[in-house]
Amino acid sequence: MFRNYLKIAWRNIWKAKQVSAVNIAGLAVAIAAALLLCITVYREFSFNDFHEKKDALYQVYREEFHADRTESHSNMSYPMGPAMKAELPGIKELVRLANGSAVMKVGETSQSIGLRYVDSSFLSLFTFPVAAGSGTLNMNTALISEKMAGIFFKDADPVGKTVLLRSRSEWKSYIVGGVMKDAPDNSSIRFDALVRLETHPGYLADREEWGNFSLETFVQLNPGVHPEDIERRGMAFMGKHYEEDVQRMKVAGARKDKFGGVLHLGLIPLGEIHFSQHSNLQNAKKPILYMLLFIAGFLLFIASINFLNLTLARAFTRAKEVGMRKTLGAATGQLVLQLCGEALVLFLISLALGLAITYFVLPYYSALFFSEAKYAFGILLKPKFLAGIFAALLLISLLAGGYPAWALSRTHILLVLKGRVSAGKTNYFRNSLIVTQFVFSCLLICGTIVAWQQMSYLHNRPLGFNTHEVVSIPVSKDVNGHQLLARLRTELAGQPDILSVTASGNNFGRGKDGAQSTSIINFQLFDKDVNSHWQSVDFDYVKTMDLQLVAGKDFDRSMGLDSLGLVINEKMAKQLASLGVKDPVGYRFRMDGEGPEYHINGVVKDYNFKSLHEEIAPLTMYLNRPEDLPAYIFVKTKPGNLPASMEKIEAAYKKVSPGQLFLASFVNENTERQYKFEATLMKIFVSGAVLTIIISCMGLFAIAMLAIGRRTKEIGIRKVLGASAAGIAGLIAVDFLKLVLIAILIATPVAWYVMAEWLKGYAYRIDISWWIFALAGLLAVLIAAATVSFQSIRAALMNPVKSLRSE
Amino acid sequence: MIQLRNISKHYPVGFGKHEILKNVDMVIHEGEFVSIMGPSGSGKSTLLHILGLLEEPSEGEYLFQGELVHKMNDKKRTQLHRGAIGFVFQAYHLIDELTVYENIETPLLYKNMPSSERKSRVADILDRFNMVAKKDLFPNQLSGGQQQLVGIARAIVAEPSVIFADEPTGNLHSDQAKSIMELFAELNKKDGITIVQVTHSDVNAGYGNRVVEIMDGRIK
């Protein structure tokens, strides 16, 4: 019986080659896309899951609850680790990690490698297997990865050999104690070589230094200990060891965390560090991953609609067989089983094809969307993933194959045998499915157009300051920014390409250091609240950033260290004006009526110092005081040869600050980096739209073909009666274009609403204009018309005699 | 074997109803060869469909092998279609995707017959109908007469007690019709299968042993 079913399934697929091809191709493409997305999501969610003790392991982070902001950091100081283990009961084991890049040398081979300085407990906490030698770390041993062993020792056995490592300036020799298996691709912690933390060049200096935060710290909790227990005890711990900070923060009006402390010691489960914004090791965002999953499901849905539609359309021809089988004694269940089986056969072929597509497309896919990740096709072969695929497939087969099967087997035998299948009802159903597909297509086209417009609007909107010719250089925390600024000024003074140099406590957008900060002050003036962004700047800030003074003047060197002078923006001036300060320039005031008396030097035109998600807010700039270390240095260059200027700045920076990383970037790169999320979203949008349209059109193509096949006789008769080819082509095309028009009507308000909501996230946004929908509609109609026209023209050019004879 | 009591069939048309069969009483005994005759639209096909359990009468009682049909559930009817009833249609209604052999085998599959028995049964039938050479052909590779032969072979392979034939020779020319009718007569006499056929042709009706004439939904 089963063989019989398979045979029929195969013959049916073969008989309707074109329809089957469309079905299989559409599904295969959808499956491939869904698999690619699932691989991405699976990989991200599988991060760090290979550690045997993962359920007991946590990364430690600290959170500072300032009055106006919350800062979290996952870097810890040297003494914190041992102190935590000693003072916080519940911690079984603890490991500290320091990152370092180093040069490794063996004989003639030398290469820079990723070096990790770790406590000896590293390998007992984390599951990184040893391939050869021993996994114990002594003071003079190093463990190297298999990859490194291959590079430096070729086929020789590295265990017991000597390697030289240089991390700052001096070479140090280690004996290779063992070779580690390379860390899996889904590990947040990666290394080429491991040595003891005690050999870190900064170890002696920092060993007892509580204020230098540079280590990642992981803890293993005792069984039964809840991370919250540690966090609660952590409050007292932080209060004890950082008493001064806590006092200072409290004076400044710090808020309290849920345990009542202003410094919070938190634990991130190992499985979460890949997503947690508290961790330095964060590298993925969950909402995007969920969105990818949604798109995967959505594409499968669209392709399943095709399948459903084509099966229903073919029901007309299959009906006779089904009716006959019923008179021969087939039970409804058997028929449903048979038809579902056919669906399953089709799906299996599509799956095989989809897997093949995935295999070949994978490298291009990761390059296009997720350049940093390496995807292995092997992920698909994991039992969990395989089970998922087959479960999904079975479900789709049941739904997409089951409905037509059920509808067919339910039809009355008599109608079938008389050649009258109830076409009316299934047509409604079929048409509504086509409409659904095109609703989604239209939605995605509209979304793409609106998103694209908004992105280019953001891209091109003048921000009110110079973005293209100004270089922003993050200043490392362990360097005195004032000195660096002064040295850099002298170094760059004579250069004709350099127009001015300044500094500030805040960056524009997001620089290569990845940091963003905001500080807001709030004080009372005339018993009213005044709010303003509060930013430290250096001389020449207005000039360097090309801000426009509308009144007064910038800070002036001739005035000396004008530490109480302020430069405000128009929004701030407006705020003051509402309090009765008509002419802000020269205005003197004390915040809350006490403290030093500030005076306003000048007012600059409003500019977007934050991202375009936010409206311009009041801003007050004050001159860098000795205790306000500049965090960013800005250098304005002459337009014309920007890369050359960049090189000059780098050379000067390297000279005045040897050994420091040069993370400079042009300000426009930084401002665009703020929209990286949108850019990724945009790519996903476009790809989703294109795939949806392609799959929908494949379905439409096949449906048109079947519908025309069914109307062969009608077309023949019309032709005999004198209808023109164009008239017949039109007759058929109109049937389908009607559906697309309905889809546009449904999609337009939905798209308008959804996109309007999305745009609300931007303070500066485009207006959605009617032509977007007209364009999207026109596109959908054109694509659908092109799809159908091929079939309808073929039908119109058929020889009527032939079509009539066949009936 | 078959007993119709006061059978009526009507369809709703607008606010009224269209009567197709009116108060039909009929008895068909085992081993009979009955021909139902009448002009187009007289209700003879509907009567055959009711007899074959493909359609339900609006009123009246139908006893098939002594059992009330309208009290049977779907499962029971399917059982009857599998074993007791065979159909032959004017348009043959073979399954296009299956070969001659497979078409004949299908009813046995639904009867869950073991493979070896199925093979010997189909082989017997092919042999008897002289179609062994054609067993691997598809229906569209056969002539109308041959297709109908397959249709009959398929109808009798499950050894039904009754065959309902709806104008079995309607699409065939007279030579073919003659051999098909002779086959029916033979099945009736040799195998003792009860046969009920609908026909327009007096010649075909002559092969049977009783003619039921129907006119405007009533038996004359």
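Throughout, protein chains are lettered first and strands after them, A, B, ... in sequence-line order, and every chain is numbered starting at 1. Fair warning: this is a prediction, and the values are worked out from it, not measured in the lab.
Within the 4.5 angstrom heavy-atom criterion, no atom of B/Leu80 approaches chain A. In this structure, chain A has a heavy atom under 4.5 Å from the side chain of B/Asp96, while its backbone stays farther away. Contact of B/Phe164 with chain A is not made at all, since no heavy-atom distance falls under 4.5 Å.
Taken from CG in A/Leu328 to CG in B/Leu108, the straight-line distance is 10.0 Å, to the nearest 0.5 Å. One finds the CG atom of B/Leu109 at 8.0 Å from the CZ atom of A/Arg325 (value rounded to the nearest 0.5 Å). Residue B/Thr99 holds its OG1 atom at 5.5 Å from CZ of A/Arg11, rounded to the nearest 0.5 Å. The CZ atom of B/Phe89 sits 4.5 Å away from atom CE of A/Met324, with the distance rounded to the nearest 0.5 Å. Here the CZ atom belonging to B/Phe87 is positioned 12.5 Å from the NZ atom belonging to A/Lys326, to the nearest 0.5 angstrom.
More than 12 non-hydrogen atoms from other residues, nucleotides or ligands lie less than 6.0 angstrom from CD of B/Gln141. Summarising the local packing, NZ of B/Lys22 is surrounded by more than 12 heavy atoms from other residues, nucleotides or ligands at distances under 6.0 Å. Open room surrounds NZ on B/Lys119; 12 or fewer heavy atoms of other groups in view lie less than 6.0 Å from it. Around the CG atom of B/Asp124, the shell of radius 6.0 Å holds more than 12 heavy atoms that belong to other residues, nucleotides or ligands.
In terms of heavy atoms, B/Tyr110 sits closest to A/Gly329 at CB-O, 3.9 Å.
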